[in-house]
Amino acid sequence: MTDLRLRVLRGSDLPGAAELAATAFLTDDVGMLAERRSYVLEEGRGLGVFDGERLVGVADALSRRVTLPGTGPTPFAAVTWVAVAPDHRRRGVLTTLMRAQLDALHRSGGEPIAALWATEATIYGRFGYGIATENCALELPARTPFRPGVDLGPDRVVEQPRETALPLVRKLYDRIVLDRVGALSRSDGQWNYFLYDAPGARRGATAYRFALHPDGYAIFRTSTDWTPDGPKSRLRVAELMAATPAAYAALHRHVLDMDLVATVQLRSATQEPLLHMVRDPRVVRRTVTDSLWVRVVDLDRGLRARRYSAPADLVLDVTDPFCPWNEGRWRFHVDDAGVAEVSTTDSAADLALTAEELGAILLGGTLPSTLAAAGRVREHTPGAVHTLTRAFQTGTVPVCLEVF
């Protein structure tokens, strides 16, 4: 980095940042990227690395809230638009951006947690990010029947135009995400970003369609495919949210029963009720991938940000060379109400782990016992892994389906 310089990005840097992002992510849609990004841009949070006047590396962060166990929507730094020019890779640009971003959060007392979606799974572990949630891409034939006795409830699902549906969708979303661990709160700009619907963003599919139920909604697109054997169109669900089991069943029934459609695609949690509602679960093709990667920026504040499922009193020996203020031994004490106290200590450690493992277990989606079996959490006191696992696990599997 001796011949490169780092600075905070300004609004005037957006075109250059969009061009760099388009190059890095192998697309030509610079204008579309810039327009969509403008909805969520926050002055003073983006960082850029310059070679002379040329922008060669970017990393941004958005002010978002993620639902944590027991405490609901909690501020976190949503790290996004991380890109390095292809001819400037392997020169420390990404490391410089990640270090500056985390250092700034720590110095300012900003969000105690950062999270991102990783383009490649081998990149972010070295910066202390761990896989905190997974999602599942589902594909199943249209008109797949449910098991007998699935309750669709008395309420109808009705499709409405975007301008009518959106106010209702937003109210429903705000109600549902309050206790859905891993879900993200959305501002006006974030809704515009999430539902960006320019023709170039549709990839040959229709504009978004909106199906409303009193207790939920589905947002989807369709792609027409006429074959000699008849219509074999595809329906892709962008988001399906339901507050009750009946709404969940009715909305899935609505998208599965769409005329002219052959295949329905959804993104879901790994523990999805739909799999257990259909008569033949083997017709559902599932592809599991990592989704939200979490980084505990300040260990004491980050671990205190959520509630826990069981009491614990453990000393954690944490390795974190990238954020050295987290390095060392910490007493992690959880009372009967699930409230944690976290403080430095000289006591002997019960467990040893790194910042990457802390990020992975924070939401309860990756269990300490799983990481211990992989050799990534080391137990010094017998039973310590079990105690930590009981504290961190949650009643439902956390899920984040929104790419930011």
Side-chain angles (χ1 to χ4, degrees), residues 1-10 13-14 16-26 33 37 41-42 44-64 76-132 290-299 301-302 318-328 353-360 362 376 403-404:
M1 280 289 295
T2 54
D3 54 342
L4 305 175
R5 60 188 177 88
L6 172 81
R7 70 163 170 82
V8 174
L9 294 177
R10 299 183 285 265
D13 294 313
L14 178 59
E19 186 170 345
L20 174 58
T23 300
F25 295 122
L26 309 181
L33 281 174
R37 199 82 206 141
L41 195 63
E42 298 177 43
R45 298 214 70 169
L47 297 172
V49 170
F50 290 79
D51 186 351
E53 295 302 313
R54 180 188 170 201
L55 181 62
V56 297
V58 293
D60 204 351
L62 308 175
S63 302
R64 300 294 302 266
F76 81 104
V79 176
T80 183
W81 253 34
V82 180
V84 176
D87 55 0
H88 279 69
R89 290 176 178 149
R90 314 296 183 265
R91 295 181 60 185
V93 173
L94 179 60
T95 299
T96 297
L97 289 165
M98 292 289 102
R99 189 177 300 283
Q101 193 174 66
L102 292 168
D103 285 353
L105 284 171
H106 173 64
R107 287 196 310 270
S108 67
E111 297 95 335
I113 303 161
L116 53 77
W117 286 71
T119 51
E120 296 181 48
T122 57
I123 296 175
Y124 291 98
R126 68 182 187 269
F127 306 126
Y129 287 87
I131 301 172
D290 55 276
S291 51
L292 204 63
W293 291 63
V294 169
R295 209 299 175 200
V296 179
V297 179
D298 286 322
L299 188 148
R301 294 192 301 134
V318 178
T319 301
D320 191 358
F322 204 74
C323 294
W325 53 85
N326 291 326
E327 186 116 10
L353 69 170
T354 74
E356 186 178 355
E357 284 77 56
L358 275 181
L362 186 67
R376 293 177 52 181
V403 181
F404 47 79

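Scope of the values below: all heavy atoms of this structure, side chains included, with no hydrogens, waters or symmetry mates. Start at 1 with the first residue, then count along the sequence.
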Worksheet entry | Asp13 and Arg10, any side-chain heavy atoms less than 4.5 Å apart | yes
Worksheet item: Can you tell if the side chain of Val49 reaches within under 4.5 Å of the side chain of His88, non-hydrogen atoms only?
Response: no
Worksheet entry | Expected output: side-chain Gln101 to main-chain Asp60 donor-acceptor under 3.5 Å | yes
Exercise answer: donor-acceptor pairs, residues 110-120 side-chain atoms, under 3.5 Å, sequence neighbours excluded:
residue, atom, partner, partner atom, Å
Glu111, OE1, Arg45, NH2, 3.1
Glu111, OE2, Arg45, NH1, 2.9
Trp117, NE1, Glu402, O, 3.0

Practice prompt. May I ask you to test the Leu353-Val318 pair for a side-chain heavy-atom distance under 4.5 Å?
Written response: yes
Worksheet, complete the sentence: dist Phe50:CZ -> Asp3:CG (nearest 0.5 Å) comes out at 14.5 Å
Practice prompt. Evaluate side chain to side chain contact (heavy atoms under 4.5 Å, CB included) for Glu42 paired with Ser63, printing each intermediate quantity in order.
Written response: CA-CA 8 Å; Glu42 298 177 43; Ser63 302; 2.7 Å; yes
Practice prompt. Pick out which of Leu94, Thr23, Leu20 makes a side-chain contact (heavy atoms from CB on, under 4.5 Å) with Val84.
Written response: Leu94
Discussion item. Using the salt bridge (charged side-chain N to carboxylate O under 4.0 Å, His left out) criterion, which residues pair with Arg54? Sequence neighbours excluded.
Written reply: Asp87
Response to the item:
Minimal heavy-atom distance between Val58 and Ala17, with the atoms involved, is CG1-CB, 4.1 Å
Item to complete: For Asn326 and Leu299, indicate whether the former's side chain and the latter's backbone hold a donor-acceptor pair under 3.5 Å.
Response: yes
Worksheet entry | Minimum heavy-atom distance Leu105-Ser108, with the two atoms named | O-OG, 3.3 Å
Practice prompt. Could you tell me whether the side chain of Arg91 reaches within less than 4.5 Å of the side chain of Val56, counting heavy atoms only?
Written response: no
Discussion item. Within the structure provided, determine whether Leu47 and Val8 are in side-chain contact (heavy-atom separation under 4.5 Å).
Written reply: yes
Worksheet item: So, Arg5 side chain and Asp51 main chain: donor-acceptor pair closer than 3.5 Å or not?
Response: no
Worksheet item: Between the main-chain N or O of Phe127 and the side-chain N or O of Arg295, is there a donor-acceptor pair closer than 3.5 Å?
Response: yes
Item to complete: Any chance you could measure Glu357, atom CD, to Ile131, atom CD1, to the nearest 0.5 Å?
Response: 11.0 Å
Fill in: Leu102 CG to Tyr129 OH distance, which is reported to the nearest 0.5 Å
5.0 Å
Worksheet item: For Glu327, does the CD atom sit with more than 12 other heavy atoms under 6.0 Å from it, leaving out its own atoms?
Response: yes
Discussion item. Are the side chains of Tyr124 and Val82 in contact, using a 4.5 Å heavy-atom criterion?
Written reply: yes
Item to complete: Evaluate the side chain to side chain contact (heavy atoms under 4.5 Å, CB included) criterion for residues Phe76 and Val297: first the C-alpha distance (whole Å), next the side-chain angles of each, then the deciding distance (0.1 Å), finally the verdict.
Response: CA-CA 10 Å; Phe76 81 104; Val297 179; over 6 Å; no
Worksheet, complete the sentence: Here the pair of heavy atoms bringing Ala18 nearest to Trp81 is CA-CH2, 3.5 Å
Worksheet item: Which heavy atom of Leu97 sits nearest a heavy atom of Gly57, and at what distance?
Response: CD1-C, 3.8 Å
Worksheet item: Would you say Leu9 and Leu55 make side-chain contact, with heavy atoms under 4.5 Å?
Response: yes
Fill in: Donor-acceptor pair, side chain of Trp293 and main chain of Gly359, under 3.5 angstrom
no
Worksheet, complete the sentence: Leu292 and Phe404 have their tightest heavy-atom pair at CD1-CE2, 3.7 Å
